[in-house]
Every structure is written in C-alpha cells, then in structure tokens.
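This is a predicted model, so every value here is computed, not measured.
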Amino acid sequence: MRGRYVLKKIAAWLPAMAVVSIIIGLTLQNIEQTSNLTNSVRQTIIATAESNGITRKQTIESWWSNPDLLRKGAHIFEFLCLGITTMFGVINSWDRKPIHISIAICFGVSLLDQTVKTFIPGREFDWTDLPLDFFGYTVGSCLILLVYRRLIKVKKE
C-alpha cells in the first residue's frame, strides 16, 4: 500500500521533470541551433498562415514573424507548461500553500535556465526573460489551482 502511495507521488512529478528536461535541452543549444529552431518555427507558422488564406504580407507584419518576439512568446509557453505540471506535482505532494511552492520551484528553474545560458558560447543571461517566465508559470500554476479547487468543491457537493 505504501509503495503505491510513493509511486503516485513520483508519477505526479514526471510531467514537470519532462518539461524541465525540454527547457534545459533548449537552453543548452548554441546560438546557431537556437536561431535555426526559431527560423524553422517561423517558416512553419508563415506556411500554415498562407495555406489558410493569410497573405505573406499580413503574416510578415504580424508578431509571430519577428524572431525575437517569437522567442519571447516561446518563453511564456514553456514556463506556462512548467507552471501547470509543477502545480500538479505540488498539489499531489504538499498540503499547504501549493501556489507558493510551485512558484518558488518554477522561479528556481527560470533562474537556472538563465544562468546555464552564460556557459553557452553566444548565449547570455537575459533579464527580460525572467518576467516572461514569471507570467507563464504563474498563470499555469493558478489555472491548475483553480481547476483543483473547483473539482474539490464539486466533489463535496
């Protein structure tokens, strides 16, 4: 019985560990690799937009065709996923103040992400990414907390 309880807690953290692995994997890319990935995603978005009737001019004038803005949007998305998965792990592991624990863990990952970049040639600590990361993981954590509280309320009724 105890083994099943421990396995459940470990399983609750697997998605968060997967997201952290993806974030660190992306962080470990050199400048050429990260530029190639950004351009590949950008070209895919442009091709998809064009195939849905949006002209090339409209697409190029939009925010997603700007590589810098696309990267910033990716930070929000990555850390939104981290916030969701971390909050899920926290809710299944601690009883008190899950939002504080989730945000603290995500902040640590965000800081680690930026610090690791300083060791990669051509990459640097980018202070402007920290607020974007914060927005992403805070929204993700809050969404899961709201859903969890709603499920508890429904279950009691």
- Message: Run the side chain to side chain contact (heavy atoms under 4.5 Å, CB included) test against Ala18 and tell me which residues pass, sequence neighbours left out.
- Response: none

Connected via hydrophobic side-chain network under 4.5 Å: [X] and [Y]:
{"X": "Phe88", "Y": "Ile101", "value": "no"}
{"X": "Ile24", "Y": "Ile120", "value": "yes"}
{"X": "Phe77", "Y": "Val41", "value": "no"}
{"X": "Ile31", "Y": "Val116", "value": "no"}
{"X": "Ile22", "Y": "Leu37", "value": "yes"}

- Task: Heavy atoms only: give me the nearest Cys106-Phe79 pair and the separation to one decimal.
- Result: O-CE2, 4.3 Å

- Message: How close do Thr85 and Ala16 get, counting heavy atoms only, and between which atoms?
- Response: OG1-CA, 3.3 Å

Mind checking the [atom1]-[atom2] spacing from [X] to [Y]? Nearest 0.5 Å is all I need.
{"X": "His100", "Y": "Ser141", "atom1": "NE2", "atom2": "OG", "value": "11.5 Å"}
{"X": "Ile84", "Y": "Ile144", "atom1": "CD1", "atom2": "CD1", "value": "5.5 Å"}
{"X": "Leu28", "Y": "Asp113", "atom1": "CG", "atom2": "CG", "value": "9.5 Å"}
{"X": "Lys72", "Y": "Asp133", "atom1": "NZ", "atom2": "CG", "value": "9.0 Å"}
{"X": "Thr38", "Y": "Gln29", "atom1": "OG1", "atom2": "CD", "value": "8.0 Å"}
{"X": "Leu82", "Y": "Met17", "atom1": "CG", "atom2": "CE", "value": "12.5 Å"}

Test item: [X] and [Y] side chains (from C-beta on) under 4.5 Å apart, heavy atoms:
{"X": "Leu130", "Y": "Ser110", "result": "yes"}
{"X": "Tyr137", "Y": "Ser102", "result": "no"}
{"X": "Glu78", "Y": "Val19", "result": "no"}
{"X": "Thr138", "Y": "Phe107", "result": "no"}
{"X": "Lys8", "Y": "Asn92", "result": "yes"}

Between the side chain of [X] and the main-chain N/O of [Y], is any donor-acceptor distance below 3.5 Å?
{"X": "Ser40", "Y": "Asn36", "result": "no"}
{"X": "Thr27", "Y": "Ile23", "result": "yes"}
{"X": "Ser35", "Y": "Glu32", "result": "no"}
{"X": "Thr34", "Y": "Asn30", "result": "no"}

- With under 30° as parallel and over 60° as perpendicular, where do the rings of Phe125 and Trp127 fit, or are they tilted in between? tilted

- Criterion side chain to side chain contact (heavy atoms under 4.5 Å, CB included) on Ile99 and Met87, from CA distance to verdict: CA-CA 7 Å; Ile99 192 77; Met87 187 56 135; 3.7 Å; yes

- Message: Checking Val90 against Trp13 for the side chain to side chain contact (heavy atoms under 4.5 Å, CB included) test, could you report, in this order, the C-alpha distance in whole Å, the side-chain angles of both residues, the deciding distance, and whether it holds?
- Response: CA-CA 8 Å; Val90 168; Trp13 283 100; 3.6 Å; yes

- Item | Residues Thr86, Ile103; criterion side chain to side chain contact (heavy atoms under 4.5 Å, CB included); working and verdict | CA-CA 9 Å; Thr86 300; Ile103 288 176; over 6 Å; no

- Taking everything shown except Lys9 itself, do over 12 heavy atoms lie less than 6.0 Å from its NZ? yes

- Using salt bridge (charged side-chain N to carboxylate O under 4.0 Å, His left out) as the criterion, point out the one residue from Arg123, Lys117, Arg71 that pairs with Asp129. Lys117

